Amino acid sequence: PGDFSYTAALDKVAGVCGIPASQYKLTTGMTVTKDKQKSQSAHLRIEQVGVAQLARFLSLMQYKWSTLQCDDVTMSKVKTETRPDVWTVEIKFNYYF
């Protein structure tokens with residue numbers, strides 16, 4: 001508890017997955033306590049990411065932080081003639097501690 005930071009976690013894992021900071025935007029919510037359980041939500045938007053890159057990113061995030069829950073993933077295809085696997089992704093996370 002207290003060791004987790006969305007910003008630090010995202011920077012570390014995105015870097016490993018080859019996702020530059022210029023391609024994502026993170027918005028975090030307030031820490032909430034419900035039934036003696038603390039949690040913090042976050043919304044992440046990643047621009048121009050491939051499916052394999054995204055899968056690796058999500059896998060590493062949840063492997064490293066087991067109480068990080070991915071609540072929703074929405075993928076929108078980016079129309080491009082040169083690269084068929086380009087997506088904009090919206091992800092909703094909840095971290096429990």
Side-chain angles (χ1 to χ4, degrees):
D3 291 351
F4 180 80
S5 158
Y6 276 111
T7 304
L10 178 59
D11 289 347
K12 183 176 185 174
V13 176
V16 168
C17 295
I19 303 170
S22 61
Q23 286 182 215
Y24 60 82
K25 181 179 180 187
L26 176 69
T27 307
T28 57
M30 302 274 299
T31 300
V32 177
T33 303
K34 182 178 179 182
D35 299 328
K36 297 182 183 180
Q37 174 75 55
K38 290 185 179 183
S39 67
Q40 183 181 24
S41 64
H43 177 265
L44 175 63
R45 179 182 176 95
I46 306 174
E47 303 279 345
Q48 299 184 359
V49 66
V51 172
Q53 212 176 10
L54 175 64
R56 183 172 184 220
F57 170 80
L58 288 173
S59 177
L60 288 173
M61 287 289 285
Q62 293 193 295
Y63 175 77
K64 177 76 174 158
W65 296 279
S66 62
T67 59
L68 178 65
Q69 181 176 325
C70 178
D71 292 332
D72 187 51
V73 177
T74 304
M75 298 176 67
S76 303
K77 182 84 171 103
V78 176
K79 293 183 182 183
T80 177
E81 293 180 19
T82 57
R83 294 173 44 207
D85 184 29
V86 180
W87 301 83
T88 295
V89 180
E90 306 270 345
I91 306 169
K92 293 180 184 174
F93 287 113
N94 254 316
Y95 182 75
Y96 296 92
F97 53 101

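Note that this is a predicted model, so its numbers are computed, not measured. What you see below is based on every heavy atom in this structure, not just the backbone, and it leaves out hydrogens, waters and symmetry mates.
Residue pairs satisfying the salt bridge (charged side-chain N to carboxylate O under 4.0 Å, His left out) criterion with at least one member in residues 27-43, sequence neighbours excluded, are absent. Pairs of residues two or more places apart, or lying in two chains, that qualify as salt bridge (charged side-chain N to carboxylate O under 4.0 Å, His left out) and include a residue from residues 44-55 are Arg45-Glu47, Arg45-Glu90. Residues in residues 69-79 take part in no salt bridge (charged side-chain N to carboxylate O under 4.0 Å, His left out) pair, two or more places apart or across chains. Annotation: ring-ring contact (aromatic ring centres under 6.0 Å, His included) contacts involving residues 56-94, sequence neighbours excluded, comprise Phe4-Trp65.
Here OH of Tyr96 is found 4.5 Å from CD of Gln69. Values are rounded to the nearest 0.5 Å. Rounding to the nearest 0.5 angstrom, the gap separating the OG1 atom in Thr33 from the CZ atom in Phe97 is 7.5 Å.
Criterion: ILVMFWY side-chain heavy atoms under 4.5 Å apart, direct or through other members. Under it, Val86 and Val51 are not part of a common hydrophobic cluster. Residues Val78 and Val49 fall into different hydrophobic clusters, defined by Ile, Leu, Val, Met, Phe, Trp and Tyr side chains chained together at heavy-atom separations under 4.5 Å.
Remark: Arg56 pairs with no residue by the salt bridge (charged side-chain N to carboxylate O under 4.0 Å, His left out) rule, at least two apart or across chains.
Counting all heavy atoms, side chain and backbone alike, Leu58 lies closest to Cys70 at CD2-SG, 4.3 Å.
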Throw together a table of side-chain donor-acceptor distances under 3.5 angstrom for residues 6-22, partners on residues two or more places apart or in other chains.
| unit_1 | atom_1 | unit_2 | atom_2 | d |
| --- | --- | --- | --- | --- |
| Tyr6 | OH | Gln40 | O | 2.6 |
| Tyr6 | OH | Tyr95 | N | 3.0 |
| Asp11 | OD1 | Tyr24 | OH | 2.7 |

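A donor-acceptor distance shorter than 3.5 angstrom exists from the side chain of Gln23 to the backbone of Gln48, with no hydrogens or angles considered.
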(message) Is there a side chain to side chain contact (heavy atoms under 4.5 Å, CB included) between Met75 and Leu54? Walk through the geometry before answering.
(response) CA-CA 10 Å; Met75 298 176 67; Leu54 175 64; 4.0 Å; yes
